[in-house]
Amino acid sequence: MNYAMDKPIRKDMITKKLQNFDLKKIAESGQCFRMNKIEDLDTIKYSIVAFDKYLEILQENDNITFFCSKEQFTEIWHNYFDLDTDYNEINALADTKDNFLMNAINFGTGIRILKQDLWETIISFIISQRNSIPRIKKCIEILCERFGERKEIDGIPYYTFPTAKKLASLQIEELNQCSLGYRSKYILETAKAVLHKEFDLEILKQMNYENSKIELMKLYGVGMKVADCVCLFSLHHIDAFPIDTHVNQILETYYKDGFPFERYSGYAGIMQQYMFYYKLNLAKV
DNA sequence: TGCCAGGCTTCAC
DNA sequence: GTGAAGCATGGC
């Protein structure tokens, strides 16, 4: 939806000068699905709903304006956008002889690995399987509008991500009507597992990468790839290296002798994200 | 029409 | 443990 026409008055805002922060690239990098461009001529402005909050962000070169209170920025968004990590330092560790990776980094600089809500990330990436990014966004939007909580800030309505309790209470037919296809049953079973504490999200947050991946894969509908996405895009285990169809094609084309995972131990996930984003946009390069 | 999309479960072996 | 079939849906 486009609320820019209404020009609502935003009371709170905080502007930061940030390096390695590209709003458009972050929004289009396929790690989050509720970040949308606000169609406003001559500005780079996006909205996002996360952690039950609605946020608008404006980018003017290195100046990033977050339309929220200073307190909310400190409590939520500073951490959400991983602002304590020096991406310059990580980018500099790449093998300069690796042409594909260097091109990917040059193309994708400004992407950051988000720290998203765990529950939302699990469901979002269950939906992502064998699905396209526009359709994933559409499915999640429907899910939120039908089963999330309607909220409003400065006259702007938005919907929170539905809770496990809410999703667990649904009939499978209600989920089927959200264009989720065969993923409906995965979502319903996962919601029930979380609601009944058969799967404890808080304990998962305390685990290391290896154990959290093993735990996530116990969920019905979560395999290696989805588990890695949750590890990377929510739990911030940046060793996780999700291999989907795109990354698999990259590995087969450019890394026939194997990707040097050991070299990038501790931050391989960031390299993966640059490569994924670059591959998505190769036709435009 | 057929192929593909940030794959997973099930089942045979 | 490995490999193949089947799976919903919509865009191209």
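Here is the naming used below: chain letters follow the sequence lines, and residue numbers restart at 1 for every chain. Just the heavy atoms: all of them, side chains too, but no hydrogens, waters or symmetry mates, feed the values below.
Using a 4.5 Å heavy-atom threshold, the side chains of A/Thr85 and A/Tyr267 count as separate.
An OP1 or OP2 oxygen of B/dA5 is reached within less than 4.0 angstrom by a side-chain nitrogen or oxygen of A/Gln249. For A/Ser132 and B/dC4, the shortest distance from a side-chain N or O to OP1 or OP2 is not below 4.0 Å. Distances shorter than 4.0 Å separate none of the side-chain N or O atoms of A/Ser128 from OP1 or OP2 on B/dG7.
Using a 4.0 Å heavy-atom criterion, one finds that A/Gly30 contacts the bases of the nucleic acid, with or without backbone contacts as well. Counting non-hydrogen atoms under 4.0 angstrom, A/Val247 reaches a base of the nucleic acid. Across all strands, A/Tyr220 comes closer than 4.0 Å only to sugar-phosphate atoms, never to a base (heavy-atom distances). Contacts of A/Ile133 with the nucleic acid, taken as non-hydrogen atoms under 4.0 Å apart, involve only primed sugar atoms and P, OP1 or OP2. Counting non-hydrogen atoms under 4.0 angstrom, A/Leu219 reaches the backbone sugars and phosphates but no base. Counting any heavy atom pair closer than 4.0 Å across all strands shown, A/Ser29 reaches a base atom.
For A/Phe241 and A/Phe259, the distance between ring centers is under 6.0 angstrom.
Evaluation of A/Phe125 against the base of B/dG6 yields no stacking contact (centre distance < 5.5 Å, interplanar angle < 30° required).
Remark: A/Glu141 does not engage A/Lys137 in a salt bridge, criterion side-chain N to carboxylate O under 4.0 Å. Ion pairing between A/Asp82 and A/Lys115 holds under the 4.0 Å rule for side-chain N and carboxylate O.
A distance of about 14 Å separates the C1' atoms of C/dG11 and B/dT1, rounded to the whole Å. When the P atom is compared between B/dC4 and C/dA5, the two are found 15 Å apart, to the nearest whole Å. Rounded to whole Å, the P atom of C/dG6 lies 15 Å from the corresponding atom of B/dC3.
At a cut-off of 3.5 angstrom, counting only N and O atoms as typed in the model, there is no donor on one side facing an acceptor on the other between the side-chain of A/Tyr277 and the base of B/dG6.
Cation-pi geometry between A/Lys151 and A/Tyr158 is not satisfied (NZ or CZ under 6.0 Å from the ring centre, within 45° of the ring normal).
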